[in-house]
Asks: 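Below is the structure I would like to discuss, written out as structure tokens.
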Amino acid sequence: MNSANLKSSRLTREMSSSNSEDRPIYDPLKLYGQNSEERKNERIQPLELDRTEINKPVLDPLNLYQDKSQVTLNADMSASLPFLPRPAMLTGELAGDLGFDPLGFASTPESLDFQRRAELKHARLAMLAAVGWPLSELVQKAWSAVPDASEHVEQSLLNVGDRVPSVLNGGLDKVSPLFWVSALALAGIIEAFASYYRQQGEELVFDPLGLYPRDNEKMKKFVETAETFNGRLAMLAIVGFAFQEFVTQMGVVNETPFFFHSALW
């Protein structure tokens with residue numbers, strides 16, 4: 001029993017000794033001399049990585065570096081954030097690519113593809129919502145004002161100030177559950193078809209009017225860029241609608257009548 005313990009202890013010491021010999025040593029206080037065995041064996045490692053080994057541009061907009069050899073002078077800068085370098089994955093090939101990714105969400109080809117699809121889906125949904133939001137306020141208000149339609153007034157979905165139901169405005173409980181079920185079912189069907197086409201190496205394109213130029217690469221890029229820019233603007237508009245009505249307690253069509261009211265409403 002004692003011999004077994006001695007063998008185990010000896011083996012443990014040998015393993016510990018071999019691991020300690022391979023382990024790097026950090027010496028920020030310069031305690032190891034220049035002729036020490038550790039320095040001769042190059043076991044002393046710096047705490048910070050050598051900047052030349054990092055494959056990232058070094059920028060100096062405030063002119064803080066005295067040694068300009070460490071600064072990247074001809075870095076490819078982002079078009080949307082000119083004080084930052086263009087992200088490596090955003091090469092300008094995609095429509096609407098202005099090099100905007102300050103948080104590094106698209107750091108790999110897979111994440112770039114995922115983020116791009118997510119942006120397009122949200123952009124298209126936001127464009128529909130940017131039209132539907134004020135239109136619903138106009139239609140609901142006009143519908144409630146129809147003579148001898150008191151039963152419709154009770155069914156109006158608008159909140160106080162002619163505001164549509166939303167997370168900030170409240171009133172989502174007034175919406176019929178059939179609407180939510182139908183919306184989720186339709187979204188699921190579209191996503192299933194899109195997934196099927198991707199597996200076949202194709203893309204699901206909704207173009208009933210034939211406006212998408214499939215054979216003209218220049219016009220195709222133009223249409224895709226226009227869709228991307230308008231979608232991004234619509235996403236900002238929807239956020240603006242929601243906060244505007246929450247703060248002012250008034251519908252957007254009533255607060256900006258010169259945009260939405262006419263002889264028809």
Asks: From N216 CG over to K221 NZ, what is the distance, rounded to the nearest 0.5 angstrom?
Replies: 13.0 Å
Asks: Might you work through the salt bridge (Lys or Arg N to Asp or Glu O under 4.0 Å) test for E227 and R124, ending with a clear yes or no?
Replies: CA-CA 8 Å; E227 179 188 33; R124 291 163 181 169; 2.7 Å; yes
Asks: What are the two closest heavy atoms between K40 and N35, and how far apart are they?
Replies: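 Smallest interatomic distance, heavy atoms only, reads CE-O, 3.2 Å.
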Asks: Look at R198 together with D113 and state whether they make a salt bridge at an N to O cut-off of under 4.0 Å.
Replies: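 Not counted as a salt bridge, because no side-chain N and carboxylate O are separated by less than 4.0 Å.
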Asks: So which heavy atom on P134 is nearest to which on A129, and how close?
Replies: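 Result for this residue pair: CD-O, 4.4 Å.
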Asks: For L168 and A242, which heavy atoms make the closest approach, and how far apart are they?
Replies: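 Heavy atoms only, the tightest pair is CD1-O, 3.9 Å.
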Asks: How close do V252 and T256 get, heavy atom to heavy atom, and via which atoms?
Replies: O-OG1, 2.7 Å
Asks: Output the distance between atom CD (Q115) and atom CG (L120), rounded to the nearest 0.5 Å.
Replies: 11.5 Å
Asks: Rounded to the nearest 0.5 Å, what separates atom CZ in R214 from atom CG in D207?
Replies: 6.0 Å
Asks: Do L125 and I238 have side chains that approach each other closer than 4.5 Å (heavy atoms only, starting at C-beta)?
Replies: no
Asks: Quick check on side-chain contact (heavy atoms from CB on, under 4.5 Å): which of M250, Q249, Q244 does R163 satisfy it with?
Replies: Q249
Asks: Please identify each residue that fulfils side chain to side chain contact (heavy atoms under 4.5 Å, CB included) with S36, with sequence neighbours left out.
Replies: Y32, E38, R39
Asks: D97 pairs by salt bridge (charged side-chain N to carboxylate O under 4.0 Å, His left out) with which of R86, R232, R116?
Replies: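 Result: among R86, R232, R116, R86 is the only option passing the salt bridge (charged side-chain N to carboxylate O under 4.0 Å, His left out) with D97.
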Asks: Cluster question for you: counting only ILVMFWY and a side-chain heavy-atom cut-off of under 4.5 Å, with indirect links fine, are F246 and V239 together?
Replies: yes
Asks: Following the transitive rule for hydrophobic clusters with a side-chain heavy-atom cut-off under 4.5 Å over Ile, Leu, Val, Met, Phe, Trp and Tyr, establish whether M127 and W133 coincide in one cluster.
Replies: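 The answer is no; the residues belong to distinct hydrophobic clusters.
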Asks: Take a 6.0 Å sphere around CZ of F229 and say whether it holds more than 12 heavy atoms from other residues, nucleotides or ligands.
Replies: yes
Asks: Applying the 4.5 Å side-chain criterion to the ILVMFWY set and letting contacts propagate, would L138 and V164 be lumped into a single cluster?
Replies: yes
Asks: Return the minimal non-hydrogen interatomic distance between P165 and G171, and the atom names on each side.
Replies: CB-O, 3.5 Å
Asks: Could you give me the CA-CA distance, side-chain angles and deciding distance for M219 and Y212, then say whether side-chain contact (heavy atoms from CB on, under 4.5 Å) is met?
Replies: CA-CA 8 Å; M219 287 301 300; Y212 187 66; over 6 Å; no
Asks: Yes or no on side-chain hydrogen bond (donor to acceptor under 3.5 Å, both in side chains) for T108 and S111, after CA distance, side-chain angles and deciding distance?
Replies: CA-CA 5 Å; T108 63; S111 61; 2.9 Å; yes
Asks: Could you state the interatomic distance from CD1 (I189) to CG (L184), rounded to the nearest 0.5 Å?
Replies: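 Taking CD1 in I189 and CG in L184, the distance rounds to 11.0 Å.
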Asks: Under 4.5 Å between side-chain heavy atoms, hopping through other hydrophobics if needed: is there a path connecting L94 to L98?
Replies: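 No: no chain of side-chain contacts under 4.5 Å links L94 to L98.
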Asks: With clusters defined by side-chain heavy atoms of hydrophobic residues (ILVMFWY) lying less than 4.5 Å apart, directly or transitively, does W180 cluster with V167?
Replies: yes
Asks: Can you tell me how far OH of Y196 sits from CD of E191, rounded to the nearest 0.5 angstrom?
Replies: 15.5 Å
Asks: Compare every heavy atom of P87 with every heavy atom of D101, then report the nearest pair and how far apart it is.
Replies: CB-CG, 3.8 Å
Asks: If you round to the nearest 0.5 Å, how far is CD of E255 from CZ of F241?
Replies: 11.0 Å
Asks: Do S166 and E245 come close enough that some side-chain heavy atom pair is under 4.5 Å?
Replies: no
